[in-house]
Amino acid sequence: LMRTLPYDSIGISAICSKAGLSRKTFSRYFSSKDDVVVSQLGADTTERVGLLLPVATWADIDHSSEILLESVYSRIYEHRDYYCEICRHFGSFWLAEQLFVLAARLGDAPYKDDVIPADELDFAISIFNGVNAIALKWWFDEGLKTPPKKLAQLIVKWGYAGLQENAPQA
């Protein structure tokens, strides 16, 4: 729908019709069309991370981080017209904020093997999620010119420096 209509012109009835849903079914899962946007964002980001986390290892944290991030960024890049329209409507800061909230829902699962002290875990989660949210805001503000793989490499290089120091030693 966003290929043909501005976001403000899209109603829940049009979403239901396009998706082949009744309004009652829509209401069972979403309270508004904004919820649909956040749900899609979650599917393209944190749900993908959740699927890949079990294979990520501390043995090569930089490589594992790049794989996770590139997977997420590739999905966003693949649907860049949609996400650019979302940014035009809500702003890139809104997108970054939503990503931060979604990433926080992963809880401490991404950090289960870390040696981060329990009293510092919330801070670490906020920092790591914040780095990604800020990077994505920058990426959208620059027009997604940086390829997903390069963006993932930059985040690992500049945003996650020092992670290797916290990795459990073999």
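Here the structure is a predicted model, which means the values were calculated and not measured.
For the pair Asp81/Arg3, no side-chain contact is recorded, criterion being any heavy-atom separation below 4.5 Å from C-beta on. Contact of the Leu69 side chain with the Val156 side chain is registered, since non-hydrogen atoms from C-beta on lie closer than 4.5 Å. Within the 4.5 Å cutoff, no side-chain heavy atoms of Ile86 are placed close to those of Gln40. Using a 4.5 Å heavy-atom threshold, the side chains of Leu151 and Leu144 count as separate. When side chains are defined from C-beta on, Pro148 counts as touching Trp139, because their heavy atoms get closer than 4.5 Å. In this structure the side chain of Tyr82 reaches within 4.5 angstrom of the side chain of Val37, judged on heavy atoms. Proximity of Ile15 to Lys33: side-chain heavy atoms (C-beta onward) are separated by under 4.5 Å at one or more points. Side-chain contact between His89 and Asp8 is present, with heavy atoms from C-beta onward closer than 4.5 Å.
Looking only at distances, no side-chain donor or acceptor of Ser74 sits under 3.5 Å from a matching main-chain atom of Ser71. Without hydrogens or angle criteria, Ser27 side chain to Arg23 main chain gives a donor-acceptor distance under 3.5 Å.
Atoms CD1 and OH, from Ile10 and Tyr7 in turn, are 7.5 Å apart once rounded to the nearest 0.5 Å. Here Phe30 contributes atom CZ and Ser32 contributes atom OG; the two are 9.5 Å apart, rounded to the nearest 0.5 Å. For the atom pair OG of Ser13 and CZ of Phe26, the computed distance is 9.5 Å after rounding to the nearest 0.5 Å. Atoms NZ and CG, on Lys157 and Leu154 in that order, are 7.0 Å from each other to the nearest 0.5 Å. Annotation: the span from Glu85 atom CD to Arg88 atom CZ amounts to 4.5 Å, rounded to 0.5 Å.
Heavy-atom minimum distance, Ala152 versus Glu70: CB-N, 3.7 Å. Closest approach of Phe140 and Ile76 over heavy atoms only: CZ-CG2, 3.5 Å. When all heavy atoms of Cys16 and Ser22 are compared, the closest pair comes out as SG-O, 3.9 Å. Across all their heavy atoms, Thr45 and Leu41 have their closest contact at OG1-O, 2.6 Å. Closest heavy-atom contact between Ile155 and Ala135: CD1-CB, 3.3 Å.
Hydrophobic clustering keeps Val101 apart from Val72 (ILVMFWY residues linked when any side-chain heavy atoms are closer than 4.5 Å, directly or through intermediates). The hydrophobic clustering, which links ILVMFWY residues whose side-chain heavy atoms are closer than 4.5 Å, places Phe93 and Leu102 apart. Note on Val36 and Ile12: same hydrophobic cluster, where clusters join Ile, Leu, Val, Met, Phe, Trp and Tyr whose side-chain heavy atoms are under 4.5 Å apart, directly or indirectly.
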Walk me through whether Asp44 and Tyr83 qualify under side-chain hydrogen bond (donor to acceptor under 3.5 Å, both in side chains). CA-CA 11 Å; Asp44 287 341; Tyr83 283 108; 2.6 Å; yes
Test side-chain hydrogen bond (donor to acceptor under 3.5 Å, both in side chains) on Glu142 and Thr146; report intermediate values, then the result. CA-CA 8 Å; Glu142 66 124 24; Thr146 303; 3.0 Å; yes
From CA spacing to verdict: side chain to side chain contact (heavy atoms under 4.5 Å, CB included), Tyr73, Leu136: CA-CA 9 Å; Tyr73 301 154; Leu136 283 172; 3.4 Å; yes
Could you give me the CA-CA distance, side-chain angles and deciding distance for Asp34 and Phe90, then say whether side chain to side chain contact (heavy atoms under 4.5 Å, CB included) is met? CA-CA 10 Å; Asp34 295 356; Phe90 291 106; 3.4 Å; yes
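Both the sub-6.0 Å distance and the 45° axial angle are not jointly satisfied by Lys149 relative to the ring of Tyr77.
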